[in-house]
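The structure appears below as structure tokens.
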Protein chains: 2
Amino acid sequence: MNVTTALSGEGGCPIRDVLDRIGDQWSLLVLAALEPETLRFNVLLRRIGDVSKQMLSRTLRRLEEDGFVERTVYAEVPPRVEYSLTDLGRSFLVPMRALIGWADTHQPQVEAARAAYRARA
Amino acid sequence: MNVTTALSGEGGCPIRDVLDRIGDQWSLLVLAALEPETLRFNVLLRRIGDVSKQMLSRTLRRLEEDGFVERTVYAEVPPRVEYSLTDLGRSFLVPMRALIGWADTHQPQVEAARAAYRARA
DNA sequence: GCTCCACGGTCTATAAAGTGGACCGTGGAA
DNA sequence: TTCCACGGTCCACTTTATAGACCGTGGAGC
């Protein structure tokens with residue numbers, strides 16, 4: 001498969017469409033957090049740590065829209081809202097794991113590249 | 001490998017560090033564009049289409065810093081600057097292809113999820 | 001000689017997006 | 001009676017991105 005297909009800003013490239021959603025600050029982290037277990041909003045908030053309520057809220061809504069995440073509201077007081085991965089969301093974890101694996105193994109090389117860059121400058 | 005490791009906002013998680021660089025608006029697109037061939041700045045600009053000069057410039061500088069991309073300046077007039085993938089950059093394309101492949105095959109499901117969401121709302 | 005263009009950027013005003021914190025209603029615990 | 005947790009939303013403020021002007025150089029055209 002040709003990676004270049006991911007381009008073409010004009011005309012609604014489907015791949016680009018999906019990558020735009022994925023390539024934001026928080027989506028990957030949220031998906032990662034939901035991998036092992038269903039979580040409630042505030043738990044997710046604390047688990048990730050440095051995401052604001054607003055951004056977490058937006059990210060979750062978009063992930064829900066796109067069918068990665070399921071939102072379940074329990075009519076209780078105080079309210080309880082649980083987020084979990086759908087099958088689609090779980091299937092996305094497969095390539096995502098590959099990406100994280102790459103990041104993990106190549107992180108020293110990235111670090112080295114940065115050091116080399118700083119040394120040149 | 002455990003995806004949850006990608007979390008922990010505090011304390012400089014290496015995976016998160018790499019994902020933050022990748023998970024921006026343009027990095028993936030630039031890497032995709034450079035996959036088949038070395039390109040000059042303005043060609044890249046036109047190829048991607050909706051990136052601003054400033055963002056392309058920043059994105060390239062960061063990719064260079066992190067060792068994904070190599071920048072070659074030719075002392076000519078008008079100036080010629082070429083960008084190409086390093087081995088590290090090329091190795092990153094492997095998991096990236098998996099991601100794009102996923103996006104490609106599952107795009108109909110994402111579209112369906114969006115339609116279902118709109119219908120519910 | 002004089003004008004104009006391409007190139008790879010940077011700089012600047014303006015617009016868009018993100019942040020932290022106040023705020024909301026509810027019911028149960030203290 | 002007071003207070004808190006929960007899942008958000010709303011607002012003022014800060015950060016980030018955008019579009020477009022601008023820069024120097026040298027060669028082409030006149």
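Per chain, numbering begins at 1; letters A, B, ... match sequence-line order.
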## Note on the structure
Ranking A/V77 and A/S52 by the position along DNA chain C of their nearest nucleotide, the one closer to 5' is A/S52
## Note on the structure
Atom CG of A/N42 and atom C1' of D/dT9 are separated, to the nearest Å, by 14 Å
#### Entry: Check: B/S27 main-chain N/O paired with B/T59 side-chain donor or acceptor under 3.5 Å
no
### Task
Extract, from 5' to 3' on DNA chain C, the first and final nucleotides lying under 4.0 angstrom from some heavy atom of chain B.
C/dA6 to C/dT12
### Query
Which residue, A/P79 or A/Q54, contacts DNA chain D at a nucleotide closer to its 5' end, judged by nearest heavy atom?
A/P79
### Task
Could you grab the distance from atom CG of A/L88 to atom CD of A/E70, nearest 0.5 Å is fine?
12.0 Å
### ring pair (Phe, Tyr, Trp, His ring centres under 6.0 Å) contacts touching residues 34-71 of chain A (sequence neighbours left out)
A/F68-A/F92, A/F68-B/W102
### Query
Between A/L63 and A/L93, is there a shared hydrophobic cluster once you connect ILVMFWY residues whose side-chain heavy atoms come closer than 4.5 Å?
yes
### Message
For a quick check of understanding: with a heavy-atom distance under 4.0 Å over all strands, which category does A/Y74 fall into, base, sugar-phosphate or nothing?
### Response
nothing
### Message
Run the side chain to side chain donor-acceptor pair (under 3.5 Å) test on A/T86 and A/R90 for me, step by step, so that the C-alpha distance in whole Å, both residues' side-chain angles and the decisive distance to 0.1 Å come before the verdict.
### Response
CA-CA 6 Å; A/T86 61; A/R90 259 184 298 276; over 6 Å; no
### Task
Look at B/R58 and D/dA17 and indicate whether a side-chain polar atom (N or O) is within less than 4.0 Å of OP1 or OP2.
yes
### Between C1' of D/dT14 and CE of A/M55, the distance in whole Å
15 Å
### Heavy-atom pair of closest approach, residues B/L85 and B/E35
CD1-CA, 3.8 Å
